[in-house]
Amino acid sequence: MSILVLADLHEGQLAGATAHVIAAAQQIGGDIDVLVAGEGVQAAAEAAAKLDGVNKVRVADNAVYAHQLAEPMGALLVELAGDYTHVLASASTTGKNVLPRLAALKDVSQLSDVIAVDSADTFKRPIYAGNAIATVKSDDALKVITIRSTGFDAVGEGNNAPVEAVDVVVENSQSSFVKEELAASDRPELGGAKVVISGGRGMGNGENFKLLDGIADKLGAAIGASRAAVDAGFVPNDMQVGQTGKIVAPDLYIAVGISGAIQHLAGMKDSKVIVAINKDDEAPIFQVADYGLVGDLFEILPELESKL
Amino acid sequence: MKVLVAVKRVIDYNVKIRVKADHSDVDLTNVKMAMNPFCEIAVEEAVRLKEKGIATEVVAVTVGPKAAQEQLRTALALGADRAIHIETDERAESLAVAKLLAKVVEEEQPGLVVLGKQAIDTDNNQTGQMLAALTGLPQGTFASEVAVDGDKVNVTREIDGGLQTIALTLPAIVTTDLRLNEPRYAKLPDIMKAKKKPLDVKTPADYGVEVASKVSLLKVESPAERKGGVKVASVDELIDKLKNEAKVL
Ligand SMILES: Cc1cc2nc3c(=O)[nH]c(=O)nc-3n(C[C@H](O)[C@H](O)[C@H](O)COP(=O)(O)OP(=O)(O)OC[C@H]3O[C@@H](n4cnc5c(N)ncnc54)[C@H](O)[C@@H]3O)c2cc1C
Ligand SMILES: Nc1ncnc2c1ncn2[C@@H]1O[C@H](COP(=O)(O)O)[C@@H](O)[C@H]1O
């Protein structure tokens, strides 16, 4: 068996998710190559070469792969997929955008959001917002899979794998990059944070999210939100946790003013310890919370910050 | 410009599903079904393009059992002009759906195809991307804004780090994210009118597409049940528990 892992990049740097995808690849077994594609991605390639379990890193560094647009990335993967039995990517917005194209062009199915490897052809994945776990077996010659990071512990960084250039260049006249508005934050990435504190509609407005800042600072936490909070314009979309947002599984998740709709739970119920702060003692979030505190968040948050 | 919209019949998003006792699948008997929420947003976007004078015709298409015609009628009530039902009782996976939609695209030659980003039953998030690959058309996935401008469309996408805007040549494939628009409700007179709008029924065989997939569903289980814990009475007690019991502080 041989596996190609598409590296996840964040602003040109190697994203943390890649180390989780390699862990999943190790469970499948066989040689693991990593593809780093983009423009000016040499540093990302060197970071990938350090990851344990990597056999070699292949780098496609060309302007046509800048911003990892779907059309050239899909075409590149089709060119490179040839000898591999599995192609994996993280279930990030890039992985989700690109990998199904490879699957379709190879006339195989894609398994999305895999959370466990049973064997080289049998995998577990959540369906129905995580309310059921399906075990699926693929008889396709090439297995195309996106990996949910929270299902696999990241590999370490003691490796020094060879890095080789890929000179495949494809044409793309169909899509072009216009602009990006990326949230600038000094906080840890939501997906990788050990502690996450999220606010919901109960926060009332965007200004009040500042009440979470001091606590997040003290705990080294990332800040998340429910969809209701995002929809109401309190905070940007990249903070959404849930079935259709980000999936997180930190050691500690603190839900503040969040009712606990199944779509929100889908994104956080695998957290180790869940704390809920809500004024409604019947809120469904308490059914999954290890520690529930009933009360007004506007009184509780300042007190919590001062006592931490 | 013609706009093609793909809609899927799925479990209503408010329903909590149950797994069958024999673990063969989830139990959908007597469960409320509805149009996939992302598909409602896709229909709404297409109808708005028509109201703006950009689209001339909106065609809704679904792949599924006979009952899926209910969702096509909903799309017609919301403003689609006609519908295509590709009828099959088999479990149609994303790849098969994408192949069928590619045939419809070939036949109908739409300027824009709008799909949901994800069906909330299988949570696949792949059909639109597969359709784009098969038709050779560019894709704008997870759209929170779609702006048609002559022979181009600018799509603003919800990505992990924030928002990204890309420009695509038309025809193009777009998949919707939640904030693209707020779908309207169908009014009673429109629901009545929808009954008279044209609805073509086809089969996968008409398009020469094999629905069977090489992926088999071996087992479906409930996730590990998470038990509710305790209520604490104060912030002090919470901090104490987190430090000394859960040991996460
Ligand atoms: C297709 C689809 C996908 C979706 N995907 C997601 C997703 O990925 N993520 C997601 O989060 N949602 C998602 N949703 C939305 C989801 O169904 C809920 O609507 C949403 O999670 C509710 O957010 P909320 O808990 O913040 O708001 P609400 O349900 O309105 O709850 C607000 C809570 O705040 C509490 N509160 C109010 N004031 C105070 C106060 N002063 N002090 C303490 N508590 C207070 C209230 O008691 C209440 O429990 C999706 C929905 C659909 C249809
Ligand atoms: N059976 C189907 N019939 C019509 N459209 C579908 C079907 N399955 C998926 N789609 C479309 O593809 C989108 C994404 O679905 P998926 O990739 O399966 O998560 C849906 O929101 C629909 O727009």
Side-chain angles (χ1 to χ4, degrees), chain A residues 10 69-71 74 92-93 96-97 100-101 103-105 109-110 112-113 122 126-140 174-183 227 231 236-238 244 251-252 262 269 273 275 286-294 300 303-304 307-308, chain B residues 11 13 16-17 19 26 93-95 98 117-118 120-126 129-130 132-134 137-139 141-142 144 154 158-169 178-179 213-223 226 228-232 235-236 238-239 241-242 246 248:
Chain A
H10 182 69
L69 297 184
E71 296 76 16
S92 63
T93 46
K96 287 174 177 166
N97 195 36
R101 296 183 64 92
L105 293 170
S109 295
Q110 174 182 290
S112 300
D113 272 300
T122 304
I127 53 176
Y128 293 88
N131 288 304
I133 308 294
T135 304
V136 288
K137 177 170 183 284
S138 165
D139 290 324
D140 279 317
Q174 292 182 309
S175 61
S176 58
F177 174 81
V178 177
K179 64 174 180 188
E180 231 160 41
E181 293 158 53
L182 299 181
R227 176 192 168 200
D231 268 0
N237 67 280
D238 56 274
T244 55
D251 292 341
L252 174 61
I262 51 175
K269 69 181 163 54
V273 175
V275 169
F286 289 123
Q287 290 164 21
V288 300
D290 300 286
Y291 304 107
L293 183 51
V294 180
I300 293 170
E303 185 184 344
L304 182 61
K307 287 183 172 164
L308 274 173
Chain B
I11 191 166
Y13 82 96
K16 181 126 194 334
I17 56 108
V19 170
V26 298
E93 296 276 355
S94 298
L95 180 63
K117 84 163 176 183
Q118 172 174 345
I120 61 161
D121 50 2
T122 57
D123 283 330
N124 269 345
N125 195 331
Q126 38 178 259
Q129 297 86 314
M130 288 181 160
L134 294 176
L137 299 176
Q139 74 186 41
T141 52
F142 328 143
S144 63
N154 272 14
E158 298 201 2
I159 60 170
D160 287 338
L163 295 173
Q164 178 190 65
T165 305
I166 54 174
L168 309 174
T169 55
L178 289 169
R179 274 160 294 276
S213 109
K214 289 212 169 68
V215 174
S216 39
L217 186 60
L218 300 185
K219 191 164 61 179
V220 175
E221 298 159 290
S222 292
R226 197 169 178 120
V230 296
K231 294 254 172 69
V232 293
V235 169
D236 290 315
L238 176 64
I239 293 177
K241 293 265 190 203
L242 291 177
V248 285

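Order of the sequence lines sets the chain letters (A, B, ...), proteins ahead of strands, with each chain counted from 1.
Looking at A:Asp139 and B:Val215, their side chains never come closer than 4.5 Å, going by heavy atoms from C-beta outward. Side-chain contact between A:Glu180 and B:Leu163 is absent, with no heavy atoms from C-beta onward closer than 4.5 Å. Residues B:Ile120 and A:Tyr128 have side chains not in contact (no heavy-atom distance under 4.5 Å, counting atoms from C-beta outward).
B:Arg179 and A:Asn237 make their closest contact through NH2-CB, 3.8 Å (heavy atoms, listed as atom of the first residue, atom of the second, distance). The two residues B:Val232 and A:Leu293 have their closest heavy-atom pair at O-CD1, 3.4 Å. A:Glu71 approaches B:Pro138 most closely through the heavy-atom pair OE2-CA, 3.3 Å.
The pair B:Lys241-A:Asp290 does not meet the salt-bridge criterion, since no charged nitrogen lies less than 4.0 angstrom from a carboxylate oxygen.
Expressed to the nearest 0.5 Å, how far NE2 of A:His10 lies from CG of B:Asp160 amounts to 8.5 Å. Atoms CG and OG, on A:Asn131 and B:Ser222 in that order, are 8.5 Å from each other to the nearest 0.5 Å. With rounding to the nearest 0.5 Å, the separation of CD in B:Gln139 from OG in A:Ser175 is 8.5 Å.
B:Glu221 places no side-chain N or O within 3.5 Å of a backbone atom of A:Ala132 that could act as its donor or acceptor partner.
A cation-pi contact, defined as under 6.0 Å to the ring centre and within 45° of the axis, links B:Lys231 to A:Phe286.
A:Ala289 touches chain B through its backbone: at least one of N, CA, C or O sits under 4.5 Å from a heavy atom, while the side chain does not. Interface residue A:Leu69: only side-chain heavy atoms are found under 4.5 Å from chain B.
One side chain, A:Asn97 or B:Thr141, offers a donor N or O that lies under 3.5 Å from an acceptor on the other. No donor-acceptor contact under 3.5 angstrom links the side chains of A:Gln110 and B:Ser94, judged on distance only.
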